Amino acid sequence: MKTLFLKDMRYRQARVVLTALGITVLISLILLLGGIMNGMRIQARQYVESTGADVWISAEGSGGAFIGFSMVVEEYMAFLNSGPGLVPDSAAPLVFAQARPTVRGKSTKAIVVGYKLGQLGGPKSTVEGRMFTGSNFEDYRPEDPVPYEVVVDEKMGLEIGEQITLGNEKVRVVGKAKSLMFVLDTPLLFMDVRIAQKLLLGNTPHVNMMIAKTNKSEQPAQIAADLDALETIEARTLKQTLRDIIAYYVDEPMKAVQFLRVMLWLAAGILIGMITYVTMLEKTQEIGVLKAIGGSNGYVMGLLLKQVVLISAVGVLLGLMLSYVFAAAAPIFVLINFVESIIVACISFVVCCGSGYLAARKAIAVDPMIAFRGEI
Amino acid sequence: MAAIVEGTGLTKHFGTGDATVVAIDSVDITIEESELVMIMGDSGCGKTTLISLLGCILTPDAGQIRIDGEPIDPELQDMSVIRREKIGFVFQLFHLLPYLTAQENVMVAMDLAKKNTAEAESRATELLTQIGLSERLHHRPAQLSGGEKQRVSFARALANRPKIIFADEPTANLDSRQSDNLMNLIQELRQEHQTTIAIVTHHEGLKENADRVIQMKDGRIVAA
Ligand SMILES: Nc1ncnc2c1ncn2[C@@H]1O[C@H](COP(=O)(O)OP(=O)(O)OP(=O)(O)O)[C@@H](O)[C@H]1O
Ligand SMILES: [Mg+2]
């Protein structure tokens, strides 16, 4: 009777369904959290990669590009622009700062990217409207008077000509750039580096970093290392910058989430272990009877394990599918890595089966004499 | 007549130290082929323990058991194999699996013994028909009366053509009419299958059906 275990499951279908659903929800949460973090990493990368820069330079001790502030010193800029191994005049200042602009009366989250029009750091063209007016001053002195104009992410839903408020000032939307959201769907606001300094950095000649391209013939890693050896500046390659930005914006803040994922795994294991165990306790008498009438431990174990495996498999598979549904419906950018999700599903399956096995092993240790003893 | 089950010098203790209970105390017992024996005695005198020993569920602390002439060695043999191949059990509380129909409950016994399903199904049908439950093949235990359940469990016990069936108070949860029916059935089955049956019971009224009554007291056989 190959279907004996199925008959048992059908008899306890409410519990079987609940157990599988419990696993489904836990697994989909585990996968969804992974997808959220993966989405954050992708969003953290995509802006950095879009700049096309090869070296990322900040002042020594500033905390690094994207994190600290560096004074823009004319001599550095001149040095970098004529710089060793760098494309001439490719070095550009860049402000990358979290901001809370008021958009249509609502305070929202955004990142202000201040860069030099036509240089590295932001788009060269818009998908709608025009680029902002760039400042003329080459030395970034605070007095540079340019209009407050911003190019917004096309997905922000703003119209050309609309105004947003940033640091007490009204800034006019003049163009829309191809969507390029940062971590957690934070839109980027592109503007002239001088405006960014004025609105966000108290009009001081600070930037978060300088970026530059290396000559085709050079190894970016070598150039960055040479620059980094200088006493006053830190220089990083694209790869190092990506690692830093992912650590800073994703991995460090999401440590608790990682921990939560492990806990959810544990919960999934404990859940199925517990339910299996409770079910087994209820079945003690049955198991005792099966053993009394000659069922070997292997026979009874097989009966129980088939159920555990089936429930785990169904729960994990549904969880896998549900996580993709959740990911599609999530209000933020979530991208579940397929390979990772398969690995997670396999591990979850093993965890569930393992704890079910432990419970089953305990259950089959029952003394068959129980069959004579009536109620327990 | 050949001895189907033989126990010599059987002793079984439970517990340790001061709490030790001597449940079976140097018992010698023989049950012959096709015999219907009743095992009687006061509560706690060791009846269940005795049939558990003879049925290879418990292992004796001392003594020897032979089934169908073959000595049983719990150290060397897998007791579960002996139980499923040579012994049938009927319990006071029926202990049918609630999620299976009458037919499937009988089939389980053969499934444990790795019999093929089609064969098991036809034998289950045959046995249940023989005991008058052809109308109840596909009923679950919850849909059967106590007497019907007990008959299904006899069918389950018979499924693998055991050498002997041990029944522990099979009529204790039945009313007198149901228990008379069951005894009639047992008599019929004996005619049909020449099965050896040992029944533990408190019902004095059942005695008349027995070929022999084994009287127990304080872990010993006092009359056989
Ligand atoms: N697992 C055990 N641990 C300790 N003592 C036990 C155990 N099983 C049985 N006993 C004791 O062994 C003795 C014999 O028990 P047994 O169940 O064989 O009696 P019985 O004749 O079947 O009684 P009843 O008619 O009430 O079913 C009793 O004193 C009982 O308390
Ligand atoms: Mg008893």
Side-chain angles (χ1 to χ4, degrees), chain A residues 1-19 275-276 278-308 310-311 360-361 363-376, chain B residues 14 47-49 51-53 55-58 78-101 103-118 120-121 124 140-142 153 156-157 159-160 162 166-169 172-173 200:
Chain A
M1 278 206 290
K2 291 192 181 65
T3 54
L4 190 60
F5 76 103
L6 289 177
K7 293 183 203 288
D8 188 4
M9 288 170 79
R10 200 177 317 140
Y11 186 69
R12 290 164 225 273
Q13 47 179 240
R15 176 173 313 181
V16 166
V17 168
L18 280 178
T19 312
I275 296 179
T276 313
V278 170
T279 306
M280 305 294 173
L281 282 183
E282 209 174 66
K283 288 166 71 75
T284 310
Q285 189 104 49
E286 268 171 58
I287 294 170
V289 171
L290 279 174
K291 287 178 72 171
I293 66 172
S296 61
N297 280 351
Y299 180 88
V300 181
M301 191 62 162
L303 198 62
L304 302 179
L305 271 190
K306 278 181 213 159
Q307 304 190 18
V308 167
L310 185 63
I311 294 176
R361 210 176 59 169
I364 63 163
V366 56
D367 182 353
M369 277 305 285
I370 200 169
F372 289 108
R373 299 276 175 242
E375 316 300 333
I376 39 164
Chain B
F14 289 110
K47 306 179 292 296
T48 298
T49 308
I51 62 167
S52 306
L53 289 170
C56 298
I57 288 182
L58 286 177
D78 182 345
M79 295 289 112
S80 73
V81 176
I82 297 169
R83 292 201 294 274
R84 65 179 171 254
E85 288 179 353
K86 305 208 162 143
I87 294 160
F89 287 101
V90 172
F91 309 101
Q92 179 180 346
L93 293 171
F94 326 128
H95 291 323
L96 299 175
L97 300 183
Y99 52 90
L100 296 180
T101 61
Q103 190 187 40
E104 290 162 346
N105 263 293
V106 178
M107 287 168 71
V108 162
M110 293 176 268
D111 192 45
L112 309 167
K114 304 187 179 69
K115 298 261 165 68
N116 123 347
T117 305
E121 190 172 337
R140 293 248 178 91
S153 58
R156 176 175 70 183
N160 291 322
F166 290 106
D168 195 10
E169 315 215 19
N173 280 51
V200 168

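Convention: sequence-line order gives letters A, B, ...; per-chain numbering from 1. Not measured: the values here are computed from a predicted model.
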**Prompt:** Given the options Asp8(A), Leu4(A), Val289(A), which has more heavy-atom pairs under 4.5 Å with chain B than any of the others?
**Reply:** Asp8(A)
**Asked** Which class fits the ring pair Tyr99(B) and Tyr11(A): parallel under 30°, tilted 30 to 60°, perpendicular over 60°?
**Response** tilted
**Prompt:** Thr117(B), Ile57(B), Ile87(B): which one forms the most heavy-atom pairs within less than 4.5 Å of chain A?
**Reply:** Ile57(B)
**Message:** Please enumerate all residues that pass salt bridge (Lys or Arg N to Asp or Glu O under 4.0 Å) together with Asp111(B), with sequence neighbours excluded.
**Reply:** none
**Request:** Could you look at Glu121(B) and say if it's the side chain, the backbone, both or neither that has a heavy atom under 4.5 Å from chain A?
**Result:** neither
**Asked** What are the two closest heavy atoms between Glu104(B) and Lys7(A), and how far apart are they?
**Response** OE2-NZ, 2.9 Å
**Item:** Residue part contacting chain B, namely of Arg12(A), when any heavy atom lies under 4.5 Å
**Value:** side chain
**Message:** Does any part of the side chain of Arg373(A), heavy atoms only, come nearer than 4.5 Å to the side chain of Thr48(B), both counted from C-beta?
**Reply:** yes
**Request:** Evaluate the side-chain proximity of Ile293(A) to Arg156(B): yes if any heavy-atom separation is below 4.5 Å, no if none is.
**Result:** yes
**Item:** Residue part contacting chain B, namely of Ile287(A), when any heavy atom lies under 4.5 Å
**Value:** neither
**Item:** Approximate separation, where rounding is to 0.5 Å, of Phe372(A) CZ and Leu58(B) CG
**Value:** 8.0 Å
**Message:** Distance check, rounded to the nearest 0.5 Å: Glu286(A) atom CD versus Leu100(B) atom CG?
**Reply:** 8.5 Å
**Message:** I need the minimum non-hydrogen distance between Leu112(B) and Gly295(A), along with the two atoms involved.
**Reply:** CD2-CA, 3.4 Å
**Asked** Quick one: does Leu97(B)'s side chain get under 4.5 Å of Leu290(A)'s, heavy atoms only?
**Response** yes
**Asked** Given a strict heavy-atom distance threshold of 4.5 Å, which part of Ile51(B) is in contact with chain A: side chain, backbone, both, or neither?
**Response** side chain
**Message:** For Ile370(A) versus His95(B), what's the shortest heavy-atom pair and its separation?
**Reply:** O-NE2, 4.5 Å
**Message:** For the interface with chain A, which of Ser52(B), Gly88(B), Gly55(B), Pro98(B) has the highest count of heavy-atom pairs at distances below 4.5 Å?
**Reply:** Pro98(B)
**Prompt:** Checking Pro162(B) against chain A: side chain, backbone, both or neither under 4.5 Å from a heavy atom?
**Reply:** neither
